[in-house]
Visitor: 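Have a look at this one.
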Amino acid sequence: MPLPTMTHSSPFLLPSPPPPPADPADAASYAVVVLNQRLPRFAPLVWTRAQLRVCADGGANRVFDGMPDLLPGEDPDEIRERYKPDAIKGDMDSIRPEVKEYYSNLGAKIIDESHDQDTTDLHKCISFITRNPPDPDNSNLCILVLGALGGRFDHEMGNINVLYHFSSIRIILLSDDSSIFLLPKTHSHEIRVDPSIEGPHCGLIPMGAPSSSTTTTGLRWNLDNTSMSYGGLVSTSNIVEEEKVTVTSDSDLIWTISLRKHA
Amino acid sequence: MPELLPGEDPDEIRERYKPDAIKGDMDSIRPEVKEYYSNLGAKIIDESHDQDTTDLHKCISFITTNPPDPDNSNLCILVLGALGGRFDHEMGNINVLYHFSSIRIVLLSDDSSIFLLPKAHSHEIRVDPSIEGPHCGLIPMGAPSSSTTTTGLRWNLDNTSMSYGGLVSTSNIVDEEKVTVTSDSDLIWTISLRKHA
């Protein structure tokens, strides 16, 4: 039995929003989560594309300080009012009191989760979004996460584990340099690459377990029933050669692609 | 180096901090930088023909064939710039730790230090709280672990299994100056580095 196909694309990084699809049911709805790291340069763009915006604790400081920095020449107070989160969730031990008060006064939900020490801030935010989706009728929810990569290494690894825990939900971790998401083994994957915004550097990472067999098309060095593992082959510094890449594997893989830097 | 040592003469700093060797594809190094260090005696080793291994892998190979002290069996290789940046590079660099599992290699960033704990050994990690910690983690990278046991952590593992999709020990805390780890699987140990004024 062939696996069902899952398609992936990144229209949320395009400078102008793509036209809506013919069938409204195909439209994606986006939520954005901001963790406590410096915002990537495309943060205002991604924020604008999203219908629901959640900050994890100190991520609210980053939005408060960082959005005006990324939009110089505009009035900082107007920017802060425009780029206000719908919810701020987490331990509340990093958010500055004045930032918390500012967004609370603007109507942001403040959800204190300091009692829960068992899950990461990202996990809490993903849970929140799944229970409060921006468009409950829309099955095409995609959660974009800023600030999950780089920084403290254990945080980065914990954030990637959240992708495995919520493997049935589209979650994309974004940094200035890279985009990463999970390719669950339950599906065959079709990844549409837009060379104006992403690539050509890519990789397939058998993060949690070895893969006995992975097959790809569309890459410079395709895999053909090839095994991958830490200690063996991990496909890094690969190159996307076609606008459609396919991946089928017996194991969950992390796909990563570089993001193009624009002036 | 001059930027990290302000107040000193940049030219003196560059002469003092000169590499012994520069190895790799040579597609990123600026021509004037290559010439400057070549003139100071650095070995320039062009490996652009080898597309199969990462730059870090090539450098580790070079060091193992040209160790600083051949009589010393306590070689430890410290790597700057392996973490952060492009995610596939970071993952490829971590894979180098697995490929050279019998060599001590420590990847360092401003925030973190990471190294491999091979399953063939029980591990004793001495933590100096003036420079590192308290945040730490144990990462079953590449394969699940059925059983890991630790001492010295706020949330110790006791014959506990770990895996992606299950438990990965992150945001743990070092509670003692000696941490011990025994596991049936190779693990990546990570500890935060303290920031000083």
Side-chain angles (χ1 to χ4, degrees), chain A residues 37 91 117-121 148-167 173-180 182 184 201-211 220-221 228-239 251-252 254-259, chain B residues 25 51-55 57 82-101 107-114 116 118 135-145 154-155 162-173 185-186 188-193:
Chain A
Q37 290 224 69
D91 288 357
Q117 292 295 315
D118 284 342
T119 55
T120 62
D121 280 351
L149 303 176
R152 247 175 60 193
F153 186 74
D154 67 312
H155 275 167
E156 183 180 286
M157 294 298 108
N159 290 332
I160 292 170
N161 196 25
V162 173
L163 304 184
Y164 284 75
H165 276 269
F166 291 94
S167 57
L173 307 187
L174 297 162
S175 72
D176 273 312
D177 303 281
S178 308
S179 166
I180 85 170
L182 184 72
H201 309 285
C202 63
L204 283 161
I205 318 295
M207 197 108 176
S211 159
R220 170 114 7 120
W221 294 282
M228 291 202 289
S229 67
Y230 269 85
L233 171 72
V234 174
S235 178
T236 66
S237 294
N238 211 329
I239 299 278
S251 193
D252 296 326
I254 293 286
W255 161 260
T256 175
I257 188 164
S258 56
L259 297 180
Chain B
D25 288 358
Q51 292 294 318
D52 284 342
T53 56
T54 62
D55 280 350
H57 195 292
L83 304 176
R86 248 176 58 193
F87 186 75
D88 66 313
H89 275 167
E90 183 180 286
M91 295 297 109
N93 290 332
I94 292 170
N95 195 26
V96 173
L97 305 184
Y98 284 74
H99 276 269
F100 292 94
S101 56
L107 306 187
L108 297 161
S109 72
D110 273 312
D111 302 282
S112 308
S113 165
I114 86 171
L116 184 73
H135 309 286
C136 64
L138 282 161
I139 318 294
M141 196 116 168
S145 160
R154 174 87 39 99
W155 294 282
M162 290 203 288
S163 67
Y164 271 86
L167 172 71
V168 174
S169 178
T170 66
S171 294
N172 210 328
I173 299 279
S185 193
D186 296 326
I188 293 285
W189 162 260
T190 175
I191 189 164
S192 57
L193 298 179

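A, B, ... follow the sequence lines: proteins, then strands. Residue 1 opens every chain.
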Visitor: So which of B:Ile139, B:Leu107, B:Leu83, B:Leu167 has the biggest tally of heavy-atom pairs under 4.5 Å with chain A?
Guide: B:Ile139
Visitor: Among B:Ser109, B:Cys136, B:Ala143, which has the most heavy-atom pairs under 4.5 Å with chain A?
Guide: B:Ala143
Visitor: For B:Pro140, is it the side chain, the backbone, both or neither that has a heavy atom under 4.5 Å from a heavy atom of chain A?
Guide: backbone
Visitor: Can you measure from CD (B:Glu90) to OG1 (A:Thr256) and round to the nearest 0.5 angstrom?
Guide: 9.5 Å
Visitor: At a heavy-atom distance under 4.5 Å, which candidate from A:Ser175, A:Pro210, A:Ser235 has the highest pair count against chain B?
Guide: A:Pro210
Visitor: Ignoring hydrogens, what is the shortest heavy-atom contact between A:Gly151 and B:Ser112? Give both atom names and the distance.
Guide: O-OG, 4.0 Å
Visitor: Does the side chain of A:Ile254 reach to within under 4.5 Å of the side chain of B:Phe87, using non-hydrogen atoms?
Guide: yes
Visitor: Between A:Asp154 and B:Ser171 (side chain of the first, backbone of the second, donor and acceptor by atom type, cut-off under 3.5 Å), is there such a pair?
Guide: yes
Visitor: Using a 4.5 angstrom heavy-atom cutoff, name the option from A:Val162, A:Leu259, A:Ile180 with the most pairs to chain B.
Guide: A:Ile180
Visitor: Begin from the C-alpha positions of B:His89 and A:His201 and carry the test side chain to side chain contact (heavy atoms under 4.5 Å, CB included) through to its verdict.
Guide: CA-CA 10 Å; B:His89 275 167; A:His201 309 285; over 6 Å; no
Visitor: Heavy-atom distance under 4.5 Å to chain A: side chain of B:Ile94, backbone, both or neither?
Guide: both
Visitor: At what distance, to the nearest 0.5 angstrom, does CZ of A:Arg152 lie from CG of B:Asp110?
Guide: 14.5 Å
